[in-house]
There are 2 protein chains.
Amino acid sequence: MAEGLRERKKRETRERISDIATGLFLARGFDNVTVAEVARAADVSVNTVFNYFSTKEDLFADRYDLVVDLPQQVLRERGPGEGVVRAFRRDYLGAIETRDWRYGLNAGNDAFSRVINDSPALTARLRDVHLQREQGLARALAGELGADPGDLVPRVAAAQILAVTRILSERAQAMTLAGEPWERIGPLLTAQAHQAFDLLENGLGDL
Amino acid sequence: MAEGLRERKKRETRERISDIATGLFLARGFDNVTVAEVARAADVSVNTVFNYFSTKEDLFADRYDLVVDLPQQVLRERGPGEGVVRAFRRDYLGAIETRDWRYGLNAGNDAFSRVINDSPALTARLRDVHLQREQGLARALAGELGADPGDLVPRVAAAQILAVTRILSERAQAMTLAGEPWERIGPLLTAQAHQAFDLLENGLGDL
DNA sequence: CACAATTTTGGAGTGACTGCAAGTTGGATA
DNA sequence: TATCCAACTTGCAGTCACTCCAAAATTGTG
């Protein structure tokens with residue numbers, strides 16, 4: 001049997017809680033919704049909520065593992081002979097075209113980002129996710145390059161690559177919040193992405 | 001008059017609370033000390049503690065503004081004609097020699113780092129400080145380079161420079177926690193610092 | 001059907017933090 | 001010096017995230 005009744009119910013309950021919580025947060029803001037309210041809306045006890053999610057933030061972060069793994073995917077799926085930085089440049093440019101949500105944040109203006117932005121707890125969480133991303137990418141890079149354990153090249157490279165994507169997304173979000181329409185943001189972001197990745201490839205030597 | 005009785009008392013109270021709190025945290029760990037205990041030990045009410053410090057973490061972070069400003073100092077005080085990355089390399093190598101505490105953390109093994117390390121709240125705080133550092137350095141760099149507002153070169157450069165120092169300090173701490181004596185860490189860290197700063201200067205182009 | 005394992009629940013804490021109203025104290029003014 | 005205002009401190013009551021525990025309720029098994 002693939003999944004007994006017990007397991008199915010657990011999964012359903014978990015999803016119901018997470019969905020309802022996310023809905024409430026989107027509607028009214030993370031800090032304006034109590035766990036008790038989520039529990040009531042999901043028709044379970046507060047204790048049950050904490051049985052499934054160990055913190056309130058986890059209620060909103062249910063798919064962050066995907067985000068954490070993203071850079072490793074880019075690395076893994078790059079073309080044969082394609083350089084690492086090249087791959088990230090290509091992927092990021094593609095993400096701009098498709099307004100992909102996975103890079104740090106989506107277009108910036110939507111409800112999701114707003115919820116995160118005005119909750120200190122959630123932004124802290126986001127920084128945490130970013131660190132995990134760095135460390136994950138560093139491990140993957142180390143494997144890819146056959147580096148010694150203890151070699152800090154992969155670690156530094158991971159940090160610098162993700163610093164670029166992080167800052168680009170930060171910019172995109174700032175522009176969106178400033179009211180710029182996406183038609184203006186897109187091209188500008190593309191130009192800045194090229195600039196940033198150039199910097200990444202060539203180094204800061206001549207500063 | 002430079003400072004009335006009122007102001008002096010305020011300053012004294014603030015310092016007393018902070019000192020006593022830090023002492024308690026060092027002795028027993030951040031999470032094992034309640035604000036109520038700090039208040040009692042400092043002979044004030046809990047409310048007074050929160051009058052001076054808006055969160056419990058602030059009780060332990062009383063001089064983080066220094067840490068935030070550090071990179072800007074390095075930038076400001078670099079020699080005439082000295083490149084930006086050069087200056088940071090020099091400063092960091094010097095910091096290794098003197099086991100300077102300002103770079104992220106001190107040698108790693110002391111009570112301070114341990115307190116931070118086993119408190120999630122404090123490590124989150126530290127990440128926050130690092131972000132502020134980045135943003136501060138980015139501003140300073142933008143001024144120094146006469147960059148347009150909106151130019152992302154200073155922002156990226158700041159992130160990459162501080163990524164290097166952050167990772168080096170992270171390494172130092174990891175080695176210390178692994179029981180390595182400083183005599184072994186120092187030289188290794190110096191070598192790794194050169195490697196990392198070389199990477200920073202020359203870019204990741206050939207990855 | 002009964003028994004065991006797992007989940008759910010209620011209830012009673014703890015601890016950070018807030019808001020308010022009532023003291024208390026320092027300093028300026030009459 | 002007496003007085004009064006503003007700032008500071010305190011106690012109290014409350015909110016909310018989160019924990020621990022023991023008593024139901026539910027589900028899978030023999």
Side-chain angles (χ1 to χ4, degrees), chain A residues 1-18 20-22 24-25 27-62 115-116 118-125 128, chain B residues 1-18 20-22 24-25 27-62 115-116 118-125 128:
Chain A
M1 66 214 86
E3 187 187 52
L5 197 144
R6 195 162 228 151
E7 265 105 39
R8 202 190 67 217
K9 268 199 157 181
K10 269 188 77 167
R11 188 175 44 76
E12 283 172 353
T13 305
R14 185 191 171 89
E15 283 170 5
R16 179 160 36 93
I17 295 175
S18 173
I20 286 181
T22 303
L24 287 175
F25 295 152
R28 297 174 23 215
F30 186 76
D31 296 320
N32 301 320
V33 177
T34 71
V35 175
E37 281 178 294
V38 173
R40 192 150 26 82
D43 204 41
V44 293
S45 79
V46 174
N47 276 358
T48 301
V49 174
F50 282 113
N51 267 350
Y52 286 101
F53 303 91
S54 50
T55 66
K56 185 186 176 186
E57 291 87 59
D58 287 337
L59 286 170
F60 192 68
D62 217 17
V115 169
I116 296 178
D118 32 76
S119 158
L122 283 182
T123 59
R125 174 63 166 233
D128 215 88
Chain B
M1 67 213 83
E3 189 186 51
L5 178 66
R6 194 162 228 151
E7 265 105 40
R8 203 189 67 218
K9 269 196 157 180
K10 270 187 77 168
R11 188 174 45 75
E12 283 172 354
T13 305
R14 186 191 171 89
E15 284 170 6
R16 179 160 37 92
I17 295 175
S18 174
I20 287 181
T22 303
L24 287 175
F25 295 152
R28 299 175 20 217
F30 186 76
D31 296 319
N32 301 321
V33 177
T34 70
V35 175
E37 281 178 294
V38 173
R40 193 150 26 82
D43 204 40
V44 292
S45 79
V46 173
N47 276 8
T48 300
V49 173
F50 283 114
N51 267 349
Y52 285 101
F53 304 91
S54 51
T55 67
K56 185 185 177 188
E57 291 88 57
D58 286 338
L59 285 169
F60 193 67
D62 216 18
V115 169
I116 295 178
D118 35 73
S119 159
L122 283 182
T123 60
R125 174 63 168 233
D128 215 89

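Lettering of chains follows the sequences in order, A, B, ..., and the numbering in each one begins at 1.
Rounded to a whole Å, the CZ atom of B/Phe53 is 15 Å from the P atom of C/dT18. For the pair B/Glu57 CD and C/dG15 C1', the computed distance is 13 Å after rounding to whole Å. Separating the NZ atom of B/Lys56 from the P atom of C/dT14 is a distance of 15 Å, rounded to the nearest angstrom. The CZ atom of B/Phe50 sits 14 Å away from the P atom of D/dT10 (whole-angstrom rounding). Following rounding to the nearest Å, B/Arg14 (CZ) and D/dT9 (C1') show an atom-to-atom distance of 16 Å.
Checked against side-chain contact (heavy atoms from CB on, under 4.5 Å), A/Ala27 has no partners two or more places apart in sequence or in another chain. Annotation: salt bridge (charged side-chain N to carboxylate O under 4.0 Å, His left out) contacts of A/Arg28 (sequence neighbours excluded): A/Glu37. Take A/Asp43 and apply the salt bridge (charged side-chain N to carboxylate O under 4.0 Å, His left out) test, not counting sequence neighbours, and it matches no residue. Here A/Arg16 pairs with nothing under the side chain to side chain donor-acceptor pair (under 3.5 Å) rule; sequence neighbours left out. For B/Asp62, the side chain to side chain donor-acceptor pair (under 3.5 Å) partners two or more places apart in sequence, or in a different chain, are B/Arg14, B/Ser18. Remark: B/Asp58 engages B/Arg125 in a salt bridge (charged side-chain N to carboxylate O under 4.0 Å, His left out) (not counting sequence neighbours).
No donor-acceptor pair closer than 3.5 Å links the side chain of B/Thr48 to the backbone N or O of B/Val44.
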Checklist line | Protein proximity profile, nucleotides 4-10 of chain C - base contact B, sugar-phosphate-only contact S, no contact -, cut-off 4.0 Å on heavy atoms | finding: -BBSBBB
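Pairs passing the ring-ring contact (aromatic ring centres under 6.0 Å, His included) check and including a residue from residues 34-53 of chain A, sequence neighbours excluded, do not occur.
DNA chain D is contacted by no residue of residues 27-42 of chain B, taking any non-hydrogen atom closer than 4.0 Å.
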